[in-house]
Amino acid sequence: MAHTTSIQKGSTAKQDRFQFHDYYLVEELLSEEHRMARAAVRDWVKQEVSPIIEDYAERAECPVHLFKGLAEIGAFGPSLPVEYGGGGMDEIAYGVIMQELERGDSGIRSMASVQGSLVMYPIFRYGSEEQKRKYLPKLGSGEFIGCFGLTEPDHGSNPAGMTSTLRKDADAYILNGAKMWITNSPIADIAVVWARDDEGKIRGVIVEKGMKGFSAPEIHGKWSLRASITGELVFEDVRVPKENLLPEAEGLKAPLSCLSKARYGIAWGAIGAALDCYDSALRYAKERIQFGKPIGQFQLTQKKLAEMITEITKAQLLAWRLGVLANEGRASAAQISMAKRNNVYMALQIAREARQIHGGMGITNEYPIMRHMMNLETVLTYEGTHDIHLLITGQDITGLSAFK
Amino acid sequence: MKILVCISRVPDTEARVAFTAEGSAFDESGVTFIMNPYDEWYALVRALELKESLGGSVTVVHVGTAASDPIIRKALAIGADDAVRIDAEASSADFTARQLAAFAKSENYDLILCGKETIDYNGAEVPGMLAELLGLPFVSHAEKLEMEGQKFVLTRPVTGGTEVVEVEGPLVVSAAKGMAEQRIPNMRGIMMAKRKPLKVVPPVEVEEKVQFVHFELPPAKKEVKLIDPENMDELVRLLHEEAKVI
Ligand SMILES: Cc1cc2nc3c(=O)[nH]c(=O)nc-3n(C[C@H](O)[C@H](O)[C@H](O)COP(=O)(O)OP(=O)(O)OC[C@H]3O[C@@H](n4cnc5c(N)ncnc54)[C@H](O)[C@@H]3O)c2cc1C
């Protein structure tokens with residue numbers, strides 16, 4: 001509209017004016033529950049996340065109080081059974097929830113990804129009945145915060161090289177080693193930790209806060225995912241009772257199955273960040289006047305916007321199809337890798353283009369663009385880097401491993 | 001306490017308002033519909049709070065077609081126990097109130113809650129008509145609803161202050177902002193809503209007394225001129241020469 005001539009600092013720009021974009025009417029492929037879940041989480045994000053997120057990200061502080069809210073809305077393990085603290089929903093609902101959370105902030109989505117897919121899921125899938133009863137309801141309700149320790153200082157992309165050890169000692173395991181880059185670790189009540197047993201097999205244990213020899217120092221100085229807390233896990237002869245061993249988890253495939261769940265959620269989630277950037281850029285392009293017309297009238301701006309919505313639409317269809325396959329139990333790890341890689345990279349590209357459309361305003365905290373862009377640098381790397389996922393696809397289609 | 005909440009379906013606040021050819025009807029194409037916020041945020045949530053503290057049940061009722069089922073499911077997801085949809089287009093306030101009254105008569109509700117108005121037509125007629133048709137007391141625009149023993153104590157705004165009224169139930173109340181706070185349905189509620197009863201009943205015969213003749217959009221907004229606050233002379237000149245108001 002021609003009469004809104006300029007965007008002024010401190011104006012209504014910070015207000016969350018997000019509108020959903022669904023160019024190919026993909027929502028029609030979803031169920032009424034999915035659409036209701038989307039609307040509910042979007043309302044929650046607008047109410048609880050948008051008003052505070054720039055401030056927390058700027059101060060590099062985790063809004064810990066949101067754990068309760070995330071639990072209340074049902075964002076922790078929505079696809080796990082109700083009797084274990086989950087939501088009894090399907091995989092598409094899980095995807096939709098992650099997307100709406102990441103539309104708010106990748107760090108907030110990470111809080112939920114880790115709690116649901118990397119802490120509740122392994123306990124649900126590999127834990128004993130007592131472990132499930134003891135931990136899952138508390139994790140689902142946000143009373144407990146969990147974290148997932150796989151990455152080590154010297155073993156990131158290559159977790160098979162891990163050196164943390166679990167030595168059997170009477171009725172316990174003695175845990176030694178260190179984990180790095182662990183989301184939620186400094187505030188976690190429990191950690192699901194992966195280490196090698198006496199036979200060299202990778203096993204999972206539940207380590208509780210306060211166990212002797214266990215500490216979780218925070219990692220400072222992150223320019224990305226600033227509203228999510230990250231730390232180390234340090235184990236010095238930590239005596240873990242044998243009841244805390246996940247009985248059913250053996251070998252690297254156990255933690256990798258958890259990562260598949262989380263990556264699946266990221267494939268959906270990244271679209272949320274992309275949508276937020278696109279939506280802001282589209283609005284700005286229609287409102288910002290230069291050379292006497294809205295910048296959205298220039299062909300170069302239109303090219304950017306048109307390519308953005310094309311890429312978002314492709315990603316939405318990819319996520320939807322992956323969701324259908326996941327519901328049928330047919331989504332392979334390699335298919336999940338492709339969607340995670342494609343959608344996160346797509347989101348990062350869109351953040352960069354959207355930043356340009358906003359001109360100088362694009363670098364400020366008046367708009368969510370830089371925050372999303374910086375966040376997405378982590379999302380591009382964690383849960384398997386951009387290149388590692390490419391090599392997984394390469395291995396899947398050629399039958400030849402580039403890792404050996 | 002047995003509570004009935006009347007819910008209505010309205011265009012989303014972001015919807016672009018347009019009319020079909022010759023202004024005969026609201027153009028619904030591309031419009032998202034939501035539950036009327038006064039019904040959802042205040043009437044329904046206050047009903048649920050009363051049920052939570054005093055026990056009882058909350059039923060939602062809606063006059064509309066199957067296109068309204070998503071908003072009815074949302075009411076169930078937020079916490080209503082069951083729902084009834086009277087299967088007819090809510091063509092006018094009179095028609096709607098008569099349908100609601102015919103249904104409400106069949107059950108003995110202690111309290112019937114509506115929103116103070118819908119955010120589309122803003123008629124605020126249905127609750128009053130409904131009360132009249134049921135022969136019940138009516139309190140409109142209530143910002144607060146409390147129970148004191150068997151009595152309902154309601155606070156409503158009057159010019160320059162508030163009015164507190166005490167009414168013996170059953171009664172009809174229309175809820176205004178302040179009566180409660182919006183509740184966002186959670187995933188558990190959404191899943192439970194699937195299994196809650198949504199009964200569809202046929203409408204009763206009602207003679208249509210109201211015909212809509214014509215809709216029209218307000219005149220388009222003119223361009224805005226921004227004048228530097230320092231430049232009062234220019235403002236005066238424009239008001240005098242262009243706007244011709246001084
Ligand atoms: C904010 C944040 C939160 C995190 N949260 C968690 C968590 O909760 N739990 C957890 O366990 N981990 C977590 N991580 C760790 C994350 O998964 C790792 O950072 C990631 O797997 C990459 O490992 P690395 O950082 O050691 O990089 P490296 O593995 O050292 O990789 C460096 C570069 O080398 C490339 N590379 C490596 N191997 C190959 C190869 N064979 N061929 C080609 N290129 C290769 C990579 O693609 C990358 O570009 C988190 C990381 C961050 C940044």
Side-chain angles (χ1 to χ4, degrees), chain A residues 1-6 8 17-20 22 25 27 30-49 68-83 85-90 93-94 96-97 100-101 112 116 140-142 279 283 289, chain B residues 7 9-16 29-35 37 40-41 44-45 60 66-80 83 85 180-196 198 219-229 238 242:
Chain A
M1 251 176 272
H3 56 266
T4 43
T5 44
S6 69
Q8 286 152 6
R17 293 158 78 193
F18 177 76
Q19 295 242 313
F20 187 51
D22 180 20
L25 310 179
E27 287 295 282
L30 307 189
S31 71
E32 197 175 308
E33 286 86 57
H34 299 145
R35 288 192 286 264
M36 236 199 279
R38 185 190 287 291
V41 179
R42 183 173 308 147
D43 283 351
W44 184 81
V45 166
K46 283 199 174 188
Q47 194 174 297
E48 302 291 330
V49 178
K68 277 274 172 234
L70 283 163
E72 176 58 32
I73 192 88
F76 295 153
S79 55
L80 295 180
V82 175
E83 64 265 37
M89 302 180 102
D90 69 3
Y94 171 55
V96 163
I97 294 167
E100 290 302 324
L101 291 179
S141 68
D279 178 65
R283 191 172 313 108
I289 311 286
Chain B
I7 61 170
R9 173 178 177 263
V10 296
D12 185 12
T13 46
E14 305 277 352
R16 215 176 49 87
S29 57
V31 172
T32 329
F33 286 87
I34 58 169
M35 196 183 335
E40 179 188 332
W41 301 350
L44 175 59
V45 176
V60 291
S68 298
D69 285 351
I71 67 132
I72 299 174
R73 286 278 171 222
K74 186 179 185 191
L76 294 170
I78 292 171
R85 178 165 63 77
E181 265 186 51
Q182 179 189 6
R183 277 191 193 178
I184 297 172
N186 63 19
M187 298 308 125
R188 199 154 298 170
I190 289 170
M191 292 309 279
M192 271 157 65
K194 271 209 292 202
R195 293 189 292 272
K196 289 180 178 173
L198 191 178
K221 272 190 198 147
K222 302 230 178 71
E223 233 179 87
V224 171
K225 282 200 176 136
L226 294 175
I227 299 152
D228 194 298
L238 286 171
E242 288 196 9

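Numbers restart at 1 for each chain; the letters A, B, ... are given by sequence-line order, proteins then strands.
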Exercise. Please check if atom NZ in A/Lys68 has more than 12 non-hydrogen atoms from other residues, nucleotides or ligands closer than 6.0 Å.
Key: yes

Practice problem: Count the heavy atoms belonging to other residues, nucleotides or ligands that lie under 6.0 Å from CD of A/Glu27, then report whether that count exceeds 12. | Solution: yes

Quiz item: What are the two closest non-hydrogen atoms of B/Ile184 and A/Ile73, and how far apart are they?
Solution: CG2-CD1, 3.6 Å

Quiz prompt | Minimum heavy-atom distance A/Ala40-B/Pro185, with the two atoms named | solution = CB-O, 3.3 Å

Quiz item: Is it the backbone or the side chain of B/Lys194 that comes under 4.5 Å from a heavy atom of chain A, or both, or neither?
Solution: side chain

Exercise. Take A/Glu32 and B/Ile190 through the test side-chain contact (heavy atoms from CB on, under 4.5 Å) and record every step on the way to the result.
Key: CA-CA 9 Å; A/Glu32 197 175 308; B/Ile190 289 170; over 6 Å; no

Quiz item: Heavy-atom distance under 4.5 Å between the side chains of B/Met191 and A/Val82, does that happen here?
Solution: no

Quiz item: Nearest 0.5 Å, what's the CD-CD distance between B/Glu14 and A/Gln19?
Solution: 4.5 Å

Exercise. Please answer whether the main-chain N or O of A/Gly86 pairs with a side-chain N or O of B/Arg188 as donor and acceptor at a distance below 3.5 Å.
Key: yes

